[in-house]
Enquirer: 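First, the structure itself, so that you have it in front of you.
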Amino acid sequence: MITTRFAPSPTGYLHIGGLRTSLFSWLWARKNEGQFLLRIEDTDLARNSEEAVEAILKAFDWVGMSYDGEAIFQSKRFNLYKKYIEQLLEEGKAYKCYMTKDELTALREEQMAKGERTRYDGRYRDFTGTPPEGVEPVIRIKAPQEGMISFNDGVKGEINIAATEVDDFVIARAGGVPTYNFVVAIDDAQMGLTDVIRGDDHLYNTPKQIVVYEALGFKIPNFYHVAMINNEKGKKLSKRDGATDVMEYKTLGYLPEALLNFLVRLGWSHGDQEIFSVEEMIELFDPKDINKSSSNYNLDKLLWLNAHYIKNKPHDELAELLVDFGVDIRENDKRDLILNATKERGKTLVELASQINLILNAPTEYNAKNFKKAFKEDTPEILNTFMKLLKEADLNEVADYHKVMEAVVEQKEIGFGKIGMPLRVSLLGSMTGSGLDEIMAILGVDETIKRINKAIEFINV
RNA sequence: GGCCCCUUCGUCUAGCGGUUAGGAUCCAUGGUUUUCAUCCAUGUUACAGGAGUUCGAGUCUCCUAGGGGUCACCA
């Protein structure tokens, strides 16, 4: 049985990097028919908010990731942590430290000045005297003072860190509130985690947590530290690099399946495969295939994937999604015609919506340059002929509209461009866009003629 | 600064001692298309540098450089 987890601290929205590590954890649990748990790390801090919890859950919901059981809130488990603190104190594995913050700062400055690593010097480790007055102590854990703390990381391999690098760190603050590395170890153990997949910014927390595991006699899980995602320049991803909030991708018109596909391939691969459905991800994912090196964030591929998923999305789902982007064609009897004519031209739902609007809404103005390029002296004459033939034609499908265009070309002995360009400008006000026959089939004869007449009128003004 | 991790086309990556170093994206060109897009084809571009080990190194070892992470009574 594999149990994984995602353990965000609710200080803001769900970050793209957080989504990737949770995706990995989720996939691994689902693949093994195990458990994927959610734990909210809200051990106080004025920074935590309920809105942030909501935001994270909302993002999970959007991408379709679900966790098992109830979400666990650390803030509700203080009694548990307290119990273990007392246990360690009793067993002599932890101790009270009466060093003040000022003293600690002074010690650090001294060490810094000497060019040493800043660390607690263990002065209260074996203290038995009378504690100084007026100082509320913190609790520190006794970390090993020599040897190595080693673990086998599922991504990075064997990691060895000298015990001297890990000092007797604080497990409970002066107010009694436990600290991060302490509660994480307890929760991961108590929740039965077998595999901890997280960002490699936690790599250095691992030896500390191992100290806790060992002090409490807990079984140490497998760790997988996934390298960070950097921006295109290889620097740390920040808000200035564009969207980092998962929900922003929804607003930008990305499909969740595209985003997941994009993220799963960032730092993980399965041979040459690029397109993965969620089912395939679950089937093929294995943390042993996670890359050691960090990867750079580049939207090109996401855009390509998004276009791919839009092209392959069922029309009823697409129509539903488009509502949020100001286009409601759910009840439109030309729905399929509209989507077929436009979906290959929109890399995002935003672009797709604007393509559709371009057809659905008659042009209110014509670009002068386009107009001049498309409309020549004989254009009105050609368009009039076209309209005449159009009215007479038997129009049942897209191809029939094309036949009318062909007829004009033949009759007038002109090139296709002679009719195509002015027609396009008349109908869309644009020089590019969907196929003319498709557009006309969507608009119908009346609207088509109306738009052409309007354009002809415009040339005479 | 100490410690730890990382380094293959611009980007995402395959490779697990013997390959013309592969795929994808991007870009360019050509084809298809009335246009644009799609689609198809073709092309440019990479083993950070230096020593070793080996018959043979992108793959193993060491050094250098560069990048990242971390050093809290934050999480």
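Letters A, B, ... mirror the listed sequences (proteins, then strands); counts begin at 1. On a predicted model such as this, the values are computed, not experimentally measured, just so you know.
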Enquirer: Heavy-atom nearest nucleotide on RNA chain B for A:A174 versus A:D201: which residue maps closer to 5'?
Expert: A:D201
Enquirer: Side chain of A:M228: nearest nucleotide among B:rU25, B:rC73, B:rG69?
Expert: B:rG69
Enquirer: Just to be sure I understand the rule, does A:L436 reach a base, reach only the sugar-phosphate, or reach nothing, if contact means heavy atoms closer than 4.0 Å?
Expert: base
Enquirer: Compare the minimum distances between each of B:rG69, B:rG2, B:rC12 and the side chain of A:S295, then state the nucleotide with the smallest one.
Expert: B:rC12
Enquirer: State, without any angle test, whether A:T100 and A:E103 hold a side-chain donor-acceptor pair at a distance under 3.5 Å.
Expert: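 Yes.
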Enquirer: Consider the side chain of A:D437, meaning its heavy atoms from C-beta on, and name the nucleotide among B:rC4, B:rC73, B:rU34 that approaches it most closely.
Expert: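 Of B:rC4, B:rC73, B:rU34, B:rU34 is nearest to the side chain of A:D437.
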Enquirer: Does A:L203 reach the side chain of A:D153, with side-chain heavy atoms less than 4.5 Å apart?
Expert: yes
Enquirer: It should be established whether A:N296 places a side-chain nitrogen or oxygen under 4.0 Å from OP1 or OP2 of nucleotide B:rC12.
Expert: yes
Enquirer: Answer with yes or no whether A:N230 presents, from its side chain, a donor or acceptor under 3.5 Å of a partner atom in the base of B:rG68.
Expert: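 It does not, because no donor-acceptor pair links the side chain of A:N230 to the base of B:rG68 below 3.5 Å.
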Enquirer: Do any N or O atoms from the side chain of A:N306 and from the backbone of A:K347 form a donor-acceptor pair under 3.5 angstrom?
Expert: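 Indeed, once roles are kept as given, a pair shorter than 3.5 Å links the two residues.
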Enquirer: Any N or O donor-acceptor pair under 3.5 Å from the base of B:rG23 to the side chain of A:Q273?
Expert: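 By the distance-only test, no, there is no pair.
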Enquirer: In whole Å, what separates the P atom of B:rU61 from that of B:rC4?
Expert: 16 Å
Enquirer: In whole angstrom, give the distance that lies between atom CZ of A:F151 and atom C1' of B:rC3.
Expert: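 Atom CZ in A:F151 sits about 13 Å away from atom C1' in B:rC3.
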Enquirer: Of the listed nucleotides (B:rU34, B:rU7, B:rA14), which one gets closest to any side-chain atom of A:S293?
Expert: B:rU7
Enquirer: Please report, rounded to the nearest Å, how far the C1' atom of B:rU11 is from the CH2 atom of A:W304.
Expert: 14 Å
Enquirer: Phosphate oxygens OP1/OP2 of B:rA14: is one of them under 4.0 Å from a side-chain N or O of A:N291?
Expert: yes
Enquirer: Starting from P on B:rU13, measure out to CD1 on A:I290 and report it in whole angstrom.
Expert: 11 Å
Enquirer: Hey, are A:D195 and A:R5 close enough for a salt bridge, meaning a charged N less than 4.0 Å from a carboxylate O?
Expert: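 Salt bridge absent between A:D195 and A:R5.
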Enquirer: From B:rA75, B:rA14, B:rU35, pick the nucleotide closest to the side chain of A:S9?
Expert: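 From the listed options, B:rA75 comes nearest.
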Enquirer: Which base sits across from B:rG1 as a Watson-Crick or G-U pair, both distances under 3.5 Å?
Expert: B:rC71
Enquirer: Would you measure the distance from the P atom in B:rA65 across to the matching atom in B:rC27 and give it in whole Å?
Expert: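 B:rA65 and B:rC27 have their P atoms separated by 38 Å.
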Enquirer: Please give the distance between the P atoms of B:rA48 and B:rG10 as a whole number of Å.
Expert: 11 Å
Enquirer: Expressed as a whole number of angstroms, how long is the span from A:K156:NZ to B:rC3:C1'?
Expert: 14 Å
Enquirer: Return the pairing partner of B:rC27 with a 3.5 Å limit on both distances, Watson-Crick or G-U wobble; otherwise return none.
Expert: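 WC or wobble partner is B:rG43.
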Enquirer: May I ask which nucleotide in the shown strands pairs with B:rA37, Watson-Crick or G-U wobble, both distances under 3.5 Å?
Expert: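 Here B:rA37 is not engaged in any pair, so there is no nucleotide opposite it.
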Enquirer: Would you mind reading off the distance between A:M112 atom CE and B:rA72 atom P, rounded to a whole angstrom?
Expert: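 After rounding, the gap between these two atoms is 9 Å.
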Enquirer: Among B:rC12, B:rC73, B:rA75, which nucleotide has an atom closest to any side-chain atom of A:V170?
Expert: B:rC73
Enquirer: With rounding to the closest Å, how many angstrom separate the C1' atoms on B:rU19 and B:rC36?
Expert: 41 Å
Enquirer: Please give the distance between the P atoms of B:rG15 and B:rG22 as a whole number of Å.
Expert: 14 Å
Enquirer: In whole Å, what is the span from the CD atom of A:Q355 to the P atom of B:rU35?
Expert: 16 Å
Enquirer: Tell me the partner of B:rC16, counting only Watson-Crick (N1-N3 plus N6-O4 or O6-N4) or G-U wobble (N1-O2 and O6-N3) with both under 3.5 Å; none if nothing fits.
Expert: none
Enquirer: Check whether any side-chain nitrogen or oxygen of A:T118 sits under 4.0 Å from OP1 or OP2 of B:rA72, and answer yes or no.
Expert: yes
Enquirer: Where the side chain of A:K311 is concerned, which of B:rG69, B:rC5, B:rU38 is the nearest nucleotide?
Expert: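 Ranking B:rG69, B:rC5, B:rU38 by closest atom to the A:K311 side chain puts B:rU38 first.
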Enquirer: Which residue lies toward the 5' end of RNA chain B, A:E136 or A:H270, if each is placed at its nearest nucleotide?
Expert: A:H270
Enquirer: What interatomic distance, in whole Å, is found between P of B:rC5 and the corresponding atom of B:rC60?
Expert: 15 Å
Enquirer: Salt bridge check: are A:E86 and A:K82 linked by an N-O gap of less than 4.0 Å?
Expert: no
Enquirer: Using the C1' atom as the point on both nucleotides, what is the distance between B:rU11 and B:rU20, in whole Å?
Expert: 25 Å
Enquirer: For the pair A:E257 and A:K313, find out whether any cationic side-chain nitrogen is under 4.0 Å from an anionic carboxylate oxygen.
Expert: yes
Enquirer: Send over the distance from A:F262 CZ to B:rU11 P, rounded to a whole Å.
Expert: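 Nearest whole value for this atom pair: 14 Å.
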Enquirer: Let's test your reading of the model: under 3.5 Å, does the base of B:rC6 pair with the side chain of A:K292 as donor and acceptor?
Expert: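 No.
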Enquirer: Categorize A:H225 for me: base, sugar-phosphate, or nothing, with a 4.0 angstrom heavy-atom threshold over every strand shown.
Expert: nothing
Enquirer: Could you please name the option among B:rU38, B:rA75, B:rC12 that lies closest to any side-chain atom of A:N205?
Expert: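 Side chain of A:N205 sits closest to B:rA75.
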Enquirer: Once you round it to whole Å, what is the distance between P of B:rU11 and CG of A:N298?
Expert: 9 Å
Enquirer: A:L423 near the nucleic acid: base, sugar-phosphate alone, or nothing, with a heavy-atom cut-off under 4.0 Å?
Expert: nothing
Enquirer: For atom C1', what is the distance between B:rA75 and B:rU38, given to the nearest Å?
Expert: 47 Å
Enquirer: Report the relative orientation of the aromatic rings in A:Y297 and A:Y249; use parallel for angles under 30°, tilted for 30 to 60°, perpendicular for over 60°.
Expert: perpendicular
Enquirer: Judged by modelled atom types alone, do A:Y95 and A:D168 share a side-chain donor-acceptor pair under 3.5 Å?
Expert: yes
Enquirer: Should B:rA65 form a Watson-Crick or G-U wobble pair with both distances under 3.5 Å, which nucleotide is its partner?
Expert: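 Result: B:rU7.
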Enquirer: Which nucleotide sits closest to the side chain of A:H202: B:rC73, B:rG23, B:rA75?
Expert: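 My answer, after comparing the listed nucleotides, is B:rA75.
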Enquirer: Among B:rA14, B:rC26, B:rU34, which nucleotide has an atom closest to any side-chain atom of A:D300?
Expert: B:rC26
Enquirer: Side-chain N or O of A:S434 less than 4.0 angstrom from OP1 or OP2 on B:rU35?
Expert: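 So the side-chain polar atoms of A:S434 never come under 4.0 Å of the phosphate oxygens OP1 or OP2 of B:rU35.
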Enquirer: Within less than 4.0 Å of OP1 or OP2 of B:rA14, is there a side-chain N or O belonging to A:S269?
Expert: yes
Enquirer: Do the side chains of A:E274 and A:R265 get close enough for a salt bridge, i.e. N-O under 4.0 angstrom?
Expert: yes
Enquirer: Quick one: label A:G267 by what it contacts on the DNA or RNA (base, sugar-phosphate, nothing), any heavy atom closer than 4.0 Å.
Expert: sugar-phosphate
Enquirer: Quick test of your reading of the model: are A:R123 and A:D121 salt-bridged, counting only N-O distances below 4.0 Å?
Expert: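 Salt bridge: yes.
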Enquirer: So what does A:K343 hit on the nucleic acid, given a heavy-atom distance under 4.0 Å: a base, only sugar-phosphate, or nothing?
Expert: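 No contact at all - A:K343 keeps every heavy atom at 4.0 Å or more from the nucleic acid.
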Enquirer: Pairing check on B:rC60: which nucleotide meets the Watson-Crick or G-U wobble criteria with it, both distances under 3.5 Å?
Expert: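 B:rC60 is paired, partner B:rG52.
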Enquirer: Can you check whether A:R108 has a side-chain N or O nearer than 4.0 Å to OP1 or OP2 of B:rA72?
Expert: yes
